[in-house]
Protein chains: 2
Amino acid sequence: MSNTTPAEIAAAWQRERPGTPTESIEIVTPIWQLAKLFADDRARVLRAAGIDAATLDLLSVIRRSGPPYRLTTRELARRTLVTAGAISQRVARAEREGLIRRSPGETGRKSVVVSLTDEGHALIEGSVDSVLGREASLVAGLSADEKATLARLLAKLTADVRRRTSAADGS
Amino acid sequence: MSNTTPAEIAAAWQRERPGTPTESIEIVTPIWQLAKLFADDRARVLRAAGIDAATLDLLSVIRRSGPPYRLTTRELARRTLVTAGAISQRVARAEREGLIRRSPGETGRKSVVVSLTDEGHALIEGSVDSVLGREASLVAGLSADEKATLARLLAKLTADVRRRTSAADGS
DNA sequence: TCCGCTATGTTTAGGCCTAAACAGAGTAGC
DNA sequence: GCTACTCTGTTTAGGCCTAAACATAGCGGA
């Protein structure tokens, strides 16, 4: 029934291999577990709405960029955390389903702009509230103070990790 | 260069669709971003060690279960967050690489116990410290207090979300 | 003008995962 | 002793992703 907690994992390593550097486990492991819990739950909610998480992410980025709801694939790759190849595939799938439209970009360079179709716009309007509403209910167990503190620490950690993992260095 | 921050995403939704329930964004989004940053970084560290994250996870669970380093596939599925089918595939891959061994379980029911080979044991000993050490350095930007607070809030949130997503109900 | 460099996208090969269909091993009740 | 049911694992079909190989499109210097 109960899954292993991060604290138990760290304790198990210390018991089996005293001296193992386990300081990060109680931070990193729950982040992975939560990411998976949120992802699975979101997938379940979206299945009912006839859309998948990857497509929702794509349409969301375009939708909240505001009118005229158009972005180049380069911008899409920058604003989502996936590779250019993944964007290319997402766009192809969404285009096949009639949710977006591709058109050649005009300003210099070779470029492609992706824009929402009416169907795509309707689909995102109909699903974003249910997804975000559901997620708000999942974090409702924390008090306002706890949520603020957690958000602040996560923001700090994200900035730290991004700095330490990108480019050279690392120590 | 800079990626969009969760706070900017929430602000964008409020600008475009006033009233969108964005309370969860500054919690859920950074968790996903961090999970991906950690996963990518771990994959990079492991590539050098000749092992992948899925196999490391498998061997780790068996290793820290203690002597005699044997678990049934059912136990493996329970202790990792993946499906039984995924375990079956992970075990098949690891067996092909000579890292684990499969043998019929004796106690009642049909069951299969997975045990570490010497090669598997050596591989996990040689990589766990480098992975955990690297991750410790990634979270080193937080003070001891901040780490403790973050760990506590993440543990609480994980318990909450698990409770709210499992089984029926949800509201 | 020509050649090549750089910025952009797309395609391909392969990895890992989930859901669901399968299959085998015990167990329980008749 | 049989049949049905319930655990356990494995296999299959399909999805999404990354890395890397491929294409193109403009620009720029000689």
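Hydrogens, waters and symmetry mates play no part in the numbers below; they use all other heavy atoms, side chains included. Below, read A as the first sequence line, B as the second, and so on, with proteins coming before strands; counting in each chain starts at 1.
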Of the nucleotides C/dT18, C/dT11, C/dG9, which one has an atom closest to the side chain of B/Gln89?
-> C/dT18
Does a side-chain N or O of [X] approach OP1 or OP2 of [N] to a distance below 4.0 Å, or not?
X	N	answer
A/Lys36	C/dT18	yes
A/Arg74	C/dA7	no
A/Arg93	D/dC17	yes
A/Arg90	D/dC17	yes
B/Arg102	D/dG9	no
A/Thr83	D/dT18	yes

Approximate separation, where rounding is to 0.5 Å, of B/Ile124 CD1 and B/Ser60 OG | 3.5 Å
Rounded to whole Å, the CZ-C1' distance (A/Arg96 to D/dC16) equals 12 Å
Rounded to whole Å, the CD-P distance (B/Glu95 to D/dT11) equals 11 Å
Only one of A/Thr80, A/Thr55, A/Thr73, A/Asp57 passes side chain to side chain donor-acceptor pair (under 3.5 Å) with A/Arg90; say which it is.
-> A/Asp57
Do B/Thr117 side-chain atoms and B/Gly98 backbone N/O form a donor-acceptor pair below 3.5 Å?
-> yes
So, B/Glu95 and B/Arg102, do they make that salt bridge, N to O below 4.0 Å?
-> yes
Base, sugar-phosphate, or nothing: which does A/Thr73 touch, judged by heavy atoms less than 4.0 Å apart?
-> sugar-phosphate
